[in-house]
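Note that ligands are numbered from 1 as they come in the structure, with each ligand's atoms numbered from 1 the same way.
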Amino acid sequence: MPITAVVGAQWGDEGKGRIIDYLAQQADVVIRFQGGDNAGHTVINEYGKHALHLIPSGIFNPQAQNIIGSGCVVNPASLLEEMASLEAAGVRLDNLWISHRAQMVMPYHRTLDALEEQARGKDAIGTTRRGIGPAYADKAARTGLRLGDLLHPDWLEARLDNALTVINRKLTILGGEPVDGREMFALLMDYRQRLGDRIVDTVPLLRQALAENASILLEGQLGVMRDLDWGIYPYVTSSHPTASFALSGAGLPARSLDRVIGVVKAYSTAVGDGPFPVELFDEDGAKLREMGQEYGATTGRPRRCGWFDGVAIRYAAWLNGMTDLAITKLDVLDHFETIRICVGYRLPDGRVVTDTMPDTPLLYQVTPIYETWAGWMTPTTDCRSWEDLPKQARAYLHRLSELAGVPIAYVSVGPEREQMFEAR
Ligand code: GDP
Ligand code: IMO
Ligand code: MG
């Protein structure tokens, strides 16, 4: 079986967790390749309902190796909490590994995230306040601490001292309290004791997996529209949720990717600030939110909702080199007499854009151009094949696929593992 990247094709929360959970039943290795505990990947299966933040969504397959890759930023406290909650539900964690190259999110990163957001005032990004931006900033500034540092206490102590000279200055400038180095080191030694055995060099494991022609899934966090380079900068996360980064963040050779599955919600949602051209402020928006239960899996924030955005999907399909679409939450549209699809953005000068993403300041000024489609007004939640779907639903999906220029491989019609099927 091939090496497959599963990436968010919109603004996050497309249903990546549930797709990975489904595909991981056949996988040998599942790797989270970027992001941190800003993720909330909901999985519903025989172990109950879990919102995974750091642990790959393949953890429910006891045969699969699950790796938190080098492209991730890991808050050990969150990881330990998540491990405890999964263990309490009877999930085995024997095959959970963390790359020694992954960066640590420290308590001071969370403090900085909150202070920086406060300082931004009306221009706040609307982060999840999990310390993601400050942790990646430290990585780039080379003041970050890595999981592997826990295995070398003397080195770690020196690295921590060095980091804190800068961090404590930043904290003080932003009105926070400086951090006590000894307290921090004691915390790190506790993490070492509890996580040390899982911190590994992933290269030998992945070399062997490749040699054995293993099936490998690369799990993305968030979606293209919040990619650090390709998203709605500055209203983005501080890593790259796109497939091009998947191999680097996982630690695999560049030419190894066989398949890229773009996970797409049948409509649009976003949490956090920034331009969102298809956002609805009317009854339809409120109905999408209620029917889709669109509240953040990590922060509980209500998600901004709108109709499907064909411009964003074309952009996402191209950037990711998508080979397949997995369309989720089709059932949410069961309740709409008419459904709209955005097929272009009109710029202030009258020009129409269909396949690229205007830069952020311009994106605030575009007007979406919509097509109107008849709804099917029939429950799809019990559909288990393409043929089971109402005719109008199939036509709607066809249109989404046409706009993306990518065939549909999977459709989901409810949050449970069984409520998903192959579309061919
Ligand atoms: P992720 O971050 O991409 O994994 O997505 P989230 O878990 O944050 O958000 C997706 C939400 O939609 C979760 O609450 C899922 O349980 C739910 N969900 C996923 N697929 C479907 C579906 O096909 N239908 C419905 N009704 N809910 C779904
Ligand atoms: P999953 O993996 C939706 C958004 C935040 C904010 C921006 C930057 O579940 O799809 P950050 O905390 O990363 O610095 O915030 O990105 N954001 C998400 N939105 N789903 C997520 O994860 C998100 N992770 C971050 O709302 O706009
Ligand atoms: Mg989510």
Is [X] touching ligand 1 with its side chain, its backbone, both, or neither, if touching means heavy atoms under 4.0 Å apart?
{"X": "Asp13", "value": "both"}
{"X": "Val413", "value": "backbone"}
{"X": "His41", "value": "both"}

Just distances here: any N/O of Gly12 and N/O of ligand 1 closer than 3.5 Å?
-> no

Options [options], ranked by nearest heavy atom to [atom], top entry:
{"atom": "atom 13 (O) of ligand 2", "options": "Ile125, Asp273, Thr42, Thr237", "result": "Thr237"}
{"atom": "atom 2 (O) of ligand 2", "options": "His41, His53, Gln34", "result": "His41"}
{"atom": "atom 24 (N) of ligand 2", "options": "Lys16, Gln221, Glu219, Met225", "result": "Gln221"}
{"atom": "atom 5 (O) of ligand 1", "options": "Ala51, Gly15, Ser57", "result": "Gly15"}
{"atom": "atom 20 (N) of ligand 1", "options": "Met291, Arg18, Gln10, Lys16", "result": "Arg18"}
{"atom": "atom 16 (O) of ligand 2", "options": "Arg303, Arg226, Arg32", "result": "Arg226"}

What do we get for [X] next to ligand 2 when only non-hydrogen atoms under 4.0 Å count, side chain, backbone, both or neither?
{"X": "Val236", "result": "backbone"}
{"X": "Arg301", "result": "side chain"}
{"X": "Trp11", "result": "backbone"}

side-chain hydrogen bond (donor to acceptor under 3.5 Å, both in side chains) partners of residues 270-283, not counting sequence neighbours, each pair once | Glu279-Arg304

So is Gly40 in contact with ligand 2, going by heavy-atom distances below 4.0 Å?
->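 Gly40: in contact with ligand 2 (<4.0 Å).
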
Are Glu14 and ligand 2 in contact, using a heavy-atom cut-off of under 4.0 Å?
->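 Distance cut 4.0 Å: Glu14 fails for ligand 2.
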
Using the rule side chain to side chain contact (heavy atoms under 4.5 Å, CB included), only one of [options] pairs with [X]; which is it?
{"X": "His100", "options": "Leu147, Leu150, Asp201", "result": "Asp201"}
{"X": "Val413", "options": "Arg384, Glu418, Lys329, Met420", "result": "Arg384"}
{"X": "Asp113", "options": "Thr127, Asn38, Ile125", "result": "Thr127"}

Would you find a donor on one side and an acceptor on the other, under 3.5 Å apart, between the side chain of [X] and the backbone of [Y]?
{"X": "Arg129", "Y": "Arg110", "result": "no"}
{"X": "Arg32", "Y": "Gln34", "result": "yes"}
{"X": "Glu117", "Y": "Ala114", "result": "no"}
{"X": "Lys16", "Y": "Glu219", "result": "no"}
{"X": "Arg417", "Y": "Arg18", "result": "no"}
{"X": "Thr269", "Y": "Cys305", "result": "no"}
{"X": "Arg314", "Y": "Leu403", "result": "yes"}

Is there a side-chain contact between [X] and [Y] in this structure, where contact means two heavy atoms from C-beta onward sitting under 4.5 Å apart?
{"X": "Arg130", "Y": "Asn75", "value": "no"}
{"X": "Tyr136", "Y": "Gln103", "value": "no"}
{"X": "Phe60", "Y": "Arg92", "value": "no"}
{"X": "Met291", "Y": "Tyr267", "value": "no"}
{"X": "Leu160", "Y": "Leu145", "value": "yes"}
{"X": "Glu371", "Y": "Arg399", "value": "yes"}
{"X": "Asp37", "Y": "Glu82", "value": "no"}

Nearest-contact summary for [atom] - protein heavy atom, Å:
{"atom": "atom 12 (O) of ligand 1", "result": "Lys329 NZ, 2.9 Å"}
{"atom": "atom 3 (C) of ligand 2", "result": "Asp13 OD2, 3.2 Å"}
{"atom": "atom 14 (O) of ligand 1", "result": "Thr42 OG1, 3.8 Å"}
{"atom": "atom 24 (N) of ligand 1", "result": "Asp331 OD1, 2.8 Å"}
{"atom": "atom 23 (O) of ligand 1", "result": "Ser412 OG, 2.5 Å"}
{"atom": "atom 6 (C) of ligand 2", "result": "Gly126 O, 3.2 Å"}

Could you tell me which atoms of ligand 1, counted from 1 in the order shown, lie closer than 4.0 angstrom to a heavy atom of Gly17?
->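 In order of number, 4 (O).
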
Going by the order shown, which atoms of ligand 1 are within less than 4.0 Å of some heavy atom of Arg303?
->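 Listed by number with element, the hits are 8 (O), 9 (O).
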
Please confirm whether [X] comes under 4.0 Å of ligand 1, counting heavy atoms of the residue only.
{"X": "Gly40", "value": "yes"}
{"X": "Gly414", "value": "yes"}
{"X": "His53", "value": "no"}

Subset of ligand 2 atoms that lie under 4.0 Å from at least one heavy atom of Gly272 = 26 (O), 27 (O)

Check against ring pair (Phe, Tyr, Trp, His ring centres under 6.0 Å), Phe308 and Trp373 | CA-CA 12 Å; Phe308 187 84; Trp373 287 66; over 10 Å; no

Do any nitrogen or oxygen atoms of [X] lie less than 3.5 angstrom from nitrogen or oxygen atoms of ligand 2?
{"X": "Thr128", "result": "yes"}
{"X": "Val271", "result": "yes"}
{"X": "Thr127", "result": "no"}
{"X": "Leu222", "result": "yes"}

Run the numbers on Asp331 and Thr381 for side chain to side chain donor-acceptor pair (under 3.5 Å), then give the verdict.
-> CA-CA 6 Å; Asp331 54 299; Thr381 43; over 6 Å; no

Do Leu363 and Tyr345 pass the side chain to side chain contact (heavy atoms under 4.5 Å, CB included) test, and can you show the C-alpha distance, the side-chain angles, and the key distance before you say yes or no?
-> CA-CA 9 Å; Leu363 201 54; Tyr345 296 159; 3.6 Å; yes

Which residues and atoms, counting only protein N, O or S, are under 2.8 Å from the Mg ion (ligand 3)?
->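 Less than 2.8 Å away from the Mg ion (ligand 3) sit Asp13 OD1, Gly40 O.
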
